[in-house]
Every structure is written in C-alpha cells, then in structure tokens.
Amino acid sequence: MQISTRTGPRILAILGPTNTGKTHLAMERMLAHTSGMIGFPLRLLARENYDRAVARVGKGAVALITGEERILPKSARYFLCTVEAMPINKQVDFLAIDEIQMCADPERGHVFTDRLLHARGMSETMFMGAETIRPVIRQLIDNVEFDTRARFSTLTYNGSKKIQRLPSQSAVVTFSAQEVYAVAELVRRQKGGAAVVLGALSPRTRNAQVEMFQNGEVEHLIATDAIGMGLNLELNHVAFAALHKFDGQFNRGLSAAETAQIAGRAGRHMNDGTFGVTGNLSGIDPDIIEQIEAHEFEPLAKVFWRNARLDFRTVDALQKSLRKRSDNPTLVLAREPVDEVMLAHLSQNEDVARIASAPDRVQLLWEVCQIPDFRNIHTDAHPRLLTSIYRYLAKPNSKLPVDWLGEQVLRLDRYDGDIDQLSSRLAGIRVWTYVSHKHHWLEDANHWQERTRAIEDKLSDVLHERLTQRFVDRRTSVLLKSLKDKSELMSTITANGEVQVEGEYVGRLEGFRFIADETDAAFEGKAIASAARRALTGEIAQRVKQLETDEDDKFAVNGQLEVLWNGAVVGGLKKGDTVLSPDVQVIDSEFFDGPTRERVRTRLQNFVNAHIEARLKMLTRLRDCQLPGPIRGLLFQLNEGLGCVPRADLESLIKDLSDEDRKALAKLGVRLGVETVHVLDALKPDPVELRGILWAISRELDALPELPPAGRTSVPNDRSNSKGFYLAAGYMPVGPLAARVDMLERFAALLRQKARENDGKVKPDPDLLSLLGCTVEQAEGVFTALGWRAEVVKVSKAELDAKEAAKKADPAAVTADGPAETEAPAEVAEEAPAETAEEVSKTTTEAAPEAGEAEAEPEFVEVKYFVRVDRRKRGGPSGKGQRGGPRQDARGKGAPKGKGGQRPNRGGPNKGDDRSGGRQGRPNNAPAKNNQINEDSPFAKLKEMLAAKG
C-alpha cells in the first residue's frame, strides 16, 4: 500500500450532509475494482456492509475485520473493516474511509487522521464525510478531487413535542445509558414500546433492536449519538432529549455539526425529515437550526493527530514518542487516549517496569495496552487485567495459560441477571473476543474465537430479550402492526372467555363486556381496545343471536341485583311499576347499537318476568286473583310486602273479613297469624332469596344485604337492617332476635298455652327455647317484645329443694313451667306420685329438728316469671295494643272459634294456691285450689311450723 501524502493515484473526497448516498457510492466503486477495502467508524456498519457485499459477490470473496470479529476467507478480495482494524499494509485497488470528519473527534480522531495521511488504494482512494473537513483535506493532501453532494431530502426543524405526541418512526436521542433507559420506559408506558441503541451494545444486540424498529414492531427508537454514524434507519423525525454530552473528559454542548450529524438521520432517500426537541428541552439555538437546515457549518481548522513513528527502546522513550507534536499546525496532539492512559498506569507497576526492559517487551506492553476497555467502568479492574496478561505473555515463548483464560471466560458464561449485569458481561466477553484474535498470544486461537463469539452471541440475544421485555410490549407491537395493515384480525375466544388477537392475549369477554388485560400504559390500553373492537364485532353479533334463542336455564339473577347469562353479567335490575315487576337495564357495551341493545333488553326482561312467575307463584297468584272487598286490599298489601306483613298493619282489613274470605285466603296459602300475616310457601329458601332481591330493588339499593342462613329459625336482630328487609326474608324482628315468622307463630301459641296452664305465668323452658333456637336471655327479650312483662315471686327454698329432689326422682313429676336450666329456680310439684312423696317425706323427716330444738327461719328465693301485659295498657287507639287489642277483637267479627290461627279464650279457674303468702300480682278474685295437703306429708308439718310462728 502506498503511504505517501503528496503523490499517488486518484484521491477523491466525497463530501456532503447525511442522506447523500456517499457510502452507497463507495460500495459501488469498491465492487467495480478487483480488490478493495473500506474503513467504517462502527463495527455495526462494517458488518452491515459486509452482508451487503456478500449478497453481491459471495461469501468467499468478502472479509470482515474488526477488533472483535475476523472473517478471512483465503480468496477474499474485498475487506470491510473498522477504521482501527484496517490492515493498512495490505495492498488493494480501492480504499475508502467513511465519516472522515471523525478526524476531529477527541477520542478517536488521531486514528482517522492517520488513515487520512497514510492509507491509500493502488488505483483509487476515497474519503467520505461532512463538508466541514474540506479545508483540512485540502491543506494536508495534494491532488484531491472534491465532489460535493446535496441531500436527497429536506430536513426541517419543527420545535418541541411531548413524547406522547411524537410522530411514528421517531428517534429520541440522549447521551447516557441511564437516560436512554429512562426515556424508553416512559415511551413504553405512553406509546407502547421502543427499541434502544447504545454504543455499548454489541452489534448483534443493536442489529436486533434496529430490526425490531425497522419492521414496525415498535414505532420509536431511543438512542445515543451512535445513530449519527451511518446507521441506515427509516426515520421520519429525530427528537433531542438532551443537547449536552460527556466526551470522556468534559460535559459539553453539541456543536452545530454534531447536532446535524444526528438530526440528519431523519428522512431517508427522497423522504423529507424533521428534527426537534422533547422532554425538558424547550428548543434549539436558532443559529444552529439555521445551519442545520442550510447544511452550512463552520469548517474544521484542526484535527487530532498522534505520531505513528514510535520509539520502543524504553517505556519512557515510547511515551515521549507518543507525545511528540507535529510541525503542522493543522495537526493537534490528541488528548490522552485510553491506550496511553493504560500505558502510564501499567508503567507505574514495579513488576511491569522491570519486565519492560527491552524493545520487544516495550512493544508487547504497548500492544497489550491497546486492548479496548469495552466495560468503560473507570476503575482499576481493566489495568489489573492488562497487567496479568502482560506478565503471562512477557515470559519467553509464553502464551496465555489455558486454565487461566478458561477461568476468565467461564466467569462471563452466565445469562441470568438484569440488563446492567448482562451488559457488563457482554462488555467483558468482548475484551476476550478481541484477545482471541491475537493469534500469537494463544495456543489455539480459533477455539477461543469460536467460544468467545458463541458467548457474546448468546449474551447479545439474551440482552435483546431483556431490553424487549422491559421496554416493549410484544402484544402491543403485534396489535399496532396489525391495526396499521387494516386487515381482518385473527381472533379466538377460549371456553373460559379469554380473547386472543393475532395470537396475543388481550383480555376476556364476559357476556357482552370486553375486559381488557390490565396495563399501566394508556397507549397500550387503547391499542388493545381498538384491536378488540375490530376482532370482536362478529362475535358479539353471534352472541346476541345465541342469547335470544337460549332457554331460561341459561339465565339467573344474583344478590348484586344483576342478570346473568351463562354466568356473565349482561344486565341489571331496577325499580319497576310494582315490587313484583322490576325493569331490566342492559349493561354498557361498546359493541351495542340501539336496536341490538333493545333486543338484548327484551330477552332479559322476558326471563326476569318468567323467573318471578315460576319461583314466586304463591305471590303472583295473589296479585292475579280477582276478589272483591277487604280481601282485595289485604292481598295487595301482602304482595307489596312480598308475602309477609305484620298483623297490626292489616288489622283493620282482617276484622272485616267474612268466613268466605278466610276460606279463600286459606286456599291461597295465606296464614292469618297473631303476629304476622304471611304466605307459608314463600318461606322456602329459593323464594326467600328472590323476595330479598326484589325488596332490595324496590328500595333502590346497590345489593341485597346478607340473608339469614337457610334453616335457621332465628338470627340476632341486626339493627342496621330494616324491618322491611327481615319481613322480605320471612323473619320478624322481636327484641334481640329476628324470628322466622312460622316459628314465631308457634312460639306465640305455645307461650299462650303455657300461660293458661300456669295461672298466666310463664318461664322460658326448653320447649320454648327450642322453637327459636335461642338462649334464656334472648327468650326473655322476645317475651318483652311480644307484650309480656317480668314479675318476681318469692318462693321457699325448701319448696324448691323438694321439687328439685322430686324432679331427680321422676322428672315427669315436674310441671310444664319447670326450669329451663339447672341453675334456674322452679316450683315444687303440687301433687307427686306416692313413691316420690314418701321418699321426699323420709328425707324431710330425717332432716327435721328433734323435739325441744329451736325451729329455723324458712329461707325464700326470688323466681322470675313473665305475665301478659293488659292489652288495654299497651297503647294504641281505643285501648288496643299494636296487635289489635283483646283476643275477641283480634279474632275478627264473625270468625269461628279456632279458625285463622286463633284459639278461643277458654277462661276457667286459675291453677295454684296461696303458697308463700300468695303470688305477687295475682288477682284478688282468683279462686283457691281445692287440693288438700296430705296430713302425713312433710308439707303438712311445714305448714304447722309456719302457723306456730304466726
């Protein structure tokens, strides 16, 4: 290769802005020659153009040479390389350098300047770049032909836009990995997803991300200025989220030319492009905007340079030769590149300084220091690694130990962790991929090249997957692409209602309501909803037809006052004209138009009407029967009360009923109880639930309160529930309990019976408690609520003890008002069987005091009974209580005795005697009992003792 800077074959400088076809021209010119070489600024671009050349001339004719990848067929004629990896000693007919304005880059500029000065093709040399490099090329190289190319399309500034308003095919540019990830996360939430491109990514990962953007899976690309270096992207708009970058030493603002290089990615070939700002930026300097739109920038006056003639006699001599300045003022000494920094660091190590004592060892040290730090972590980890490599290689005829190298590589052969961990391992393996191409350093370089490349590819693929999982919703990408095509979407609905569109789960269909899969991204939700609307329109029409033809057993109503079809909510119930005729309201569905909604409503209304008719036949027949007079008003009230109404509310109607009316009510299943009037069949569990639902609808509630458990005869009276709710459920609130009305009537009847048998006094015994399944305390509260009051009577303890003994001897001897629980007091039986009396007599006699002993004072205890409150004192008009006054009135005029649940007042003499000084509250005219005490019984002796004491 000819390296003269002043003489040689044809030299062309193809200059102009982005999108002028410069790289395409160079590829065409190279392939027109028998051999050629192009140096690119990025490994990614070298690989892209390698693939293009292979497609044209075949794999055997094309080589790829980068720091981390070498594909070198023996018959290769065309070489696609990174600028740093170009084999400049190889002679080719055509040679080109892309992005030659990179000579002014602070970090890599000296490499590009070296190629500008020394790299030549035997027949033709071409430099492609920005117009700004023209004065430098003209000053440094003679006999250069300049060709200025105009941009194919227009580039226009369009101001600031919020991220959610960015047009499709946009790129957002910022300058650090953290900022790229933050913007990508925001775009995912607001726009459905984004691809990411960073310089730190491997070419394989970047290619995968770019491909995802190019094929339309995502509409946005978040990138660093890596996209400014020749990536061929179908971009319409470039938005800057930052205008400052860290260049390795300083955080500085972008120049107009740098901004133009990035913005110029918008608009490819003949398509116009736009650029602007987003995020927290308000705009770009107007002068810079003018320069970018006119493609006119301040020309470069200087470029970075480093001496290529190095002195390897000693480390100091090498460092001095690297720092040597050029006599040409256009060539500015490069800032300390990374390799020089590594050289300075390693030379401070005593072992390294001792080993690097000969020119070949110094040259080896410089070669080791040029190993790239892909990790860029700015710690001493990279210098330590280089020190270890140098120590191994500095030994005579030595290579890197296989075991040590294998251990280093194995540590990176892991694919778990997050994006940062995978990126770190990927950068680490790229170091060893670079080392593996140093054949003279390794025993089996080909083996290590294959192994490190395989790990790099695997890490690249996993990193791409992680980036996609984090910043792209595949489902949204697929849906967006399908929606753009405006073709019919492939949709499936599983048996359990899951909806898949184009193979992606988007939600579930419950009846006619589509419930989209939960997402925190508004844009994603819109995409799902839009796709679902297109995919489900036909399915909804088919479901409406199915609903109209399905039998009633496919429908139901629930406690949430909803109408269900095949288990899915399709409507709601609301108050109608009467409690037994609620109206149906169809659920909101985006798939319904007016006629479709009415078709659904009609079918649901028909079901509800039939459902009420079937399950509440005992009530609907009350509504439909044609009976005149008082019975008609009573039936209306009973219907409005859903089959259960307090008797007090109907007393004025009941008293006017004739015998024929009562017979008609009995045939209809209506029971006229003392406490309630109710329809007995309506107390079954199935009608009770529907009655509760209808009650809740009539009261315009949101849901049915919890009903009492089926089979319970009573439940605690929850004061938060209204009396109407309990009645609709078939229960009547009475004190601390709500009792099922049929059991309450039985309870009241037994209560009256026991009162007649025990002189009007009742205690809560087991018979009463079992009817309501309640405790003594709860029963006492029920007594009070039913119009009974507590009355305390003093009774002799001896009498109680005697009765207790008699009970143990023969429980049947205890009267019906005996104790409900063992601790409760009880009266002694008035008459006991002979054997029981004799046993009691013996016990008493044995315990009696001997003659002459003083007789002990008898001990009394208090016993609580309940007696009926005089109805005339319980309030209400004309002295009548809330249940209608005297029993004769409650029975109704002309009513036969024993009918309608009413028992006649049999009256008769009261039971009991004048024991213990008489019972408190007993009427003075109560007749005395005729029973006489046996003179031989212990009770006779007790009576004599009491009489003796006066």
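These numbers come from the heavy atoms of this one structure, side chains and all, not from hydrogens, waters or symmetry mates. What you see is a predicted model, and the numbers here were worked out from it, not measured in a lab.
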Does NZ or CZ of K794 fall inside the cone over F860's six-membered ring, less than 6.0 Å from its centre and within 45° of the axis? no

Applying salt bridge (charged side-chain N to carboxylate O under 4.0 Å, His left out), can you list everything that pairs with E689, at least two apart in sequence or on another chain? none

For R508, the side chain to side chain contact (heavy atoms under 4.5 Å, CB included) test, sequence neighbours excluded, returns Y505, E510, I515

By the ring pair (Phe, Tyr, Trp, His ring centres under 6.0 Å) test, which pairs, at least two apart or in different chains, include something from residues 638-668? none

So, using ring-ring contact (aromatic ring centres under 6.0 Å, His included) as the criterion, who are the partners of Y726 when residues are at least two apart? none

I'd like to know whether Q542 forms a side chain to side chain donor-acceptor pair (under 3.5 Å) with Q546, so could you lay out the CA-CA distance, the side-chain angles of the two residues, the decisive distance to 0.1 Å, and finally the verdict. CA-CA 6 Å; Q542 183 177 349; Q546 186 67 42; over 6 Å; no

Not counting sequence neighbours, list each pair that qualifies as a salt bridge (charged side-chain N to carboxylate O under 4.0 Å, His left out) and has a residue in residues 604-616. E613-K617, E613-R623, R615-D686

Once ring-ring contact (aromatic ring centres under 6.0 Å, His included) is applied, do any residues pair with F591, and if so which ones, sequence neighbours excluded? none

Under 3.5 Å donor-acceptor pairs involving side-chain atoms of residues 559-573, not counting sequence neighbours:
| residue | atom | partner | partner atom | Å |
| --- | --- | --- | --- | --- |
| E562 | OE1 | N558 | ND2 | 3.0 |
| W565 | NE1 | D550 | OD2 | 2.9 |

Any residue meeting salt bridge (charged side-chain N to carboxylate O under 4.0 Å, His left out) with R601, in chain and number order, not counting sequence neighbours: E598

Close side-chain approach of R691 to L616, heavy-atom, < 4.5 Å: yes

Quick one: side chain to side chain contact (heavy atoms under 4.5 Å, CB included) partners of Q778, sequence neighbours excluded? P736, L737, C774, T775

Side chain to side chain contact (heavy atoms under 4.5 Å, CB included) partners for D661, two or more places apart: I631, L657, S658

Under the side chain to side chain contact (heavy atoms under 4.5 Å, CB included) test, which residues partner P709, sequence neighbours left out? R712, V715

N/O donor to acceptor pairs below 3.5 angstrom from side-chain atoms of residues 694-704, sequence neighbours left out:
| residue | atom | partner | partner atom | Å |
| --- | --- | --- | --- | --- |
| S698 | OG | L694 | O | 3.4 |
| S698 | OG | W695 | O | 2.6 |

